[in-house]
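Here's the structure we're looking at; comments come further down.
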Amino acid sequence: MSIQTIDGKCYGQMLLGGAVSLAAHADELNALNVFPVADGDTGTNMLRTLQGGIEKIPEGDDASLEHYMTAFSRGVLLSARGNSGVILSQIFAGISEGLGTCDCADAKRLAEAYRNGIRKSYAAVRNPTEGTILTVFRESTEYAAARINENSCVEDFFKLHIDEARRSLATTKERLSVLSEADVIDSGAAGYCYIAEGMYQALTGHMPEGTLSATSEKDSSSLDIDRFTRDSVLEFGYCTEFLLRLMTAKVDPDTFDIGRVLNDLQALQGESVVAYLQEDILKVHVHTFHPGKILNKMQDYGEFLSVKIENMSLGHTETSKKKNHKSFSVVAVASGEGMTALFEQLGADRIVSGGQTANPAVSDFLDAFKACDTPNILVLPNNKNILLAARRAAEMYTDAKVYVLETRNLMEGYSALSVITPGIRDMDALVKSAEGAARGVQGGEITVAVRDAVIDGTVIRQGEYMAMGDGNLLGVAATPEEAVLKLLGRLDTDLCEIVTLFTGKSVSAEARATLTETLKEICEDCEIVVYEGGQEVYDYLVAIE
């Protein structure tokens, strides 16, 4: 029997099916790199994005499609990681908006909602690139929407959607020359196909095989409990979050005024309050020195579904203990102990941990923004795959003006940070100066090939080292040190004044010293600066100024 409409519960099961299907293929998607380097993370990013949405779907018997989709789209937005993850979050946000207030949807209503997903996702990308997840979602949606009518069932729409998505996916390598050269399809587009297929399987009663592990933003076992000893003083209080279901035995959930909660939290001296009511579920985030008092008061209205309390002293560094009176703060993305320490020394107020293979989520940026106590915030994403998440967080944050600089790698971030001077109040001039410094850097990365490949006609064998610059292959060598020299040979060093080298985690002290001496000989008119970056994936990062 054909399915004419779906409600929230059904769509929730479909979303779970999509996530399970994606989880089964995450490693495969991670391996779909244009360049044969160990930095594939599209599958992981998309999976974590979806998991964030699945975890936000509320419990209960309410089968409203609006109810499920609003919760899910909010969850994927805050969990969005990487370009594909952010785009995926906007696809579902658009679908949710398109469904509006409907309790259930037929094929035509779904088609219109999915068309809204096209508009929302394209609007999220400054310069949309065809041959990606955007193309596959757009073409499959338009194809299905054009072929259904008032007699079509829900299965008809999704089957047409998936059939066209598969065809569109196969053409991605033809539309993007870099995909054609590497002989791979677009990983984000492939990920969407797995999601759509899993959703269709769940719709037709055949949930994909596999499981979906729960994710956690923090693991209590990783906390540095030595930061708070028996002699410590509670300086920051507790970050307290909870989900509470309003109970009819205590209040009328249909007419409940969230202003009562806000007044209570203010009376109990709660700070950094974020509270919203969705149907009969109350979500609260508050900083307080007395979480017990707040929790006791909240039980006047209902019962808890979940509670999280964290001692904020365990998450504060010494620099965060000082009240900030600057006109701006700097939030920078970095990985590796050396790079993190260097960026902090240069003036970064907050470090968001991330980079290749570990793209931070939108919520990671929001947490960093909240920790800043300035009216302006400069953001250095330092990775082109992190730009979208940073921009989305900047759009969502309202307590300060956020400027996202388009630093595409750590070298550009390092150069931009070197000209960001405390005390400047002309933010537009400061941003222009920092972006100019970032664009004035030549540079590249050295990393090992994890498989055989042919790039730009150059044959690369697994285990060889590649010199990469601005997305292009500039040389191949047997050792990372030889690759550095090939990189320098391809860059314009005639007017060079400074060569900065950031060594990776796997580089030995002996190799570092030998390469430094070699650089001093061949770049005798340049100052050679070497930092132990400790970054993963890249043996060397090179910046020329």
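In this text, all values refer to a predicted model and were calculated from it rather than measured experimentally.
Counting all heavy atoms, side chain and backbone alike, Thr503 lies closest to Gln535 at O-OE1, 3.3 Å. Taking both residues in full, the closest heavy atoms of Val441 and Ala543 are given as CG1-CB, 3.9 Å, listed atom of the first, atom of the second, then distance. Considering all non-hydrogen atoms of both residues, Thr407 and Ala416 come closest at CG2-CB, 4.2 Å. Smallest separation of non-hydrogen atoms from Ala332 and Phe343: CB-CD2, 3.7 Å. Residues Thr374 and Ala400 share a closest heavy-atom pair of O-CB, 3.5 Å. Here the shortest heavy-atom pairing between Ala190 and Ile185 reads CB-CD1, 4.0 Å.
Within the 4.5 Å cutoff, side-chain heavy atoms of Phe365 are placed close to those of Val333. With contacts defined as side-chain heavy-atom distances shorter than 4.5 Å, the pair Ile386/Val352 does not qualify. Put simply, the side chain of Leu410 does not reach to within 4.5 Å of the side chain of Tyr538, judged on heavy atoms. Two residues are said to be in side-chain contact when any heavy atoms from C-beta on lie closer than 4.5 Å; Asp470 and Arg408 meet this criterion. Counting only heavy atoms from C-beta outward, the side chains of Leu65 and Asp7 never approach each other to under 4.5 Å. Taking 4.5 Å as the limit, some side-chain heavy atom of Cys10 sits within range of a side-chain heavy atom of Leu203. In this structure the side chain of Met468 reaches within 4.5 angstrom of the side chain of Leu473, judged on heavy atoms. Side-chain atoms of Lys370 and Asp399, non-hydrogen and from C-beta on, never get closer than 4.5 Å to each other.
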- Task: Before giving the answer on side-chain contact (heavy atoms from CB on, under 4.5 Å), spell out for His161 and Thr141 the whole-Å C-alpha distance, their side-chain angles and the decisive distance to 0.1 Å.
- Result: CA-CA 6 Å; His161 183 76; Thr141 294; 3.2 Å; yes
- Item | Arg115 and Glu142: CA distance, side-chain angles, deciding distance, salt bridge (charged side-chain N to carboxylate O under 4.0 Å, His left out) verdict | CA-CA 7 Å; Arg115 277 176 166 155; Glu142 291 176 343; over 6 Å; no
- Task: Please assess Leu15 against Met199 for the test side-chain contact (heavy atoms from CB on, under 4.5 Å), listing each intermediate value before the final yes or no.
- Result: CA-CA 6 Å; Leu15 293 169; Met199 291 175 67; 4.1 Å; yes
- Task: Kindly indicate, with the supporting measurements, whether the criterion side-chain contact (heavy atoms from CB on, under 4.5 Å) is fulfilled by Leu110 and Ile6.
- Result: CA-CA 9 Å; Leu110 283 168; Ile6 57 172; 3.9 Å; yes
- Item | Ile95 and Ser73: CA distance, side-chain angles, deciding distance, side-chain contact (heavy atoms from CB on, under 4.5 Å) verdict | CA-CA 9 Å; Ile95 293 172; Ser73 62; over 6 Å; no
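In this structure, Arg74 CZ and Ser89 OG are separated by 12.5 Å, a value rounded to the nearest 0.5 Å. Atoms CG and CE, on Leu541 and Met339 in that order, are 6.0 Å from each other to the nearest 0.5 Å. Atom CD in Glu435 sits 10.0 Å away from atom CG in Leu380 (nearest 0.5 Å). Atoms CD1 and CG, on Ile57 and Leu16 in that order, are 8.0 Å from each other to the nearest 0.5 Å. To the nearest 0.5 Å, the span separating OG1 on Thr49 from CG on Leu88 amounts to 6.5 Å.
With Leu47 as the partner, the side chain to side chain contact (heavy atoms under 4.5 Å, CB included) test is satisfied by one option alone out of Thr42, Leu22, Leu29: Leu22.
The number of heavy-atom neighbours closer than 6.0 Å to CD of Glu532, taken from other residues, nucleotides and ligands shown, is 12 or below. Counting non-hydrogen atoms of neighbouring residues, nucleotides and ligands closer than 6.0 angstrom, the CD atom of Glu337 reaches no more than 12 such neighbours.
Taking the ring centroids of Tyr11 and Tyr68, they lie at or beyond the 6.0 Å cut-off.
Comment: Glu164 engages Arg167 in a salt bridge, judged by a side-chain N to carboxylate O separation of less than 4.0 angstrom. Glu197 and Arg166 are joined by a salt bridge, as a carboxylate oxygen and a charged side-chain nitrogen come within less than 4.0 angstrom of each other. A salt bridge does not link Glu406 to Lys384: none of the charged nitrogens lies less than 4.0 Å from a carboxylate oxygen.
For the ring pair (Phe, Tyr, Trp, His ring centres under 6.0 Å) condition, the pairs that include at least one residue of residues 376-408, sequence neighbours left out, are Phe369-Tyr397. Within the structure, side-chain hydrogen bond (donor to acceptor under 3.5 Å, both in side chains) contacts touching residues 12-28 (residues at least two apart or in different chains) are His25-Glu28, Glu28-Tyr194.
Side-chain contact, Glu130 with Thr135: a donor N or O sits under 3.5 Å from an acceptor N or O. Asp373 and Ser329 share no donor-acceptor pair across their side chains, judged by distance under 3.5 Å alone.
In this structure Phe158 satisfies the ring pair (Phe, Tyr, Trp, His ring centres under 6.0 Å) test together with Tyr114, sequence neighbours excluded.
In this structure, Thr172 contributes its side chain and Ser168 its backbone to no donor-acceptor pair below 3.5 Å. Checked by atom type and distance alone, the side chain of Asp456 never pairs as donor or acceptor with a backbone atom of Asn472 at under 3.5 Å.
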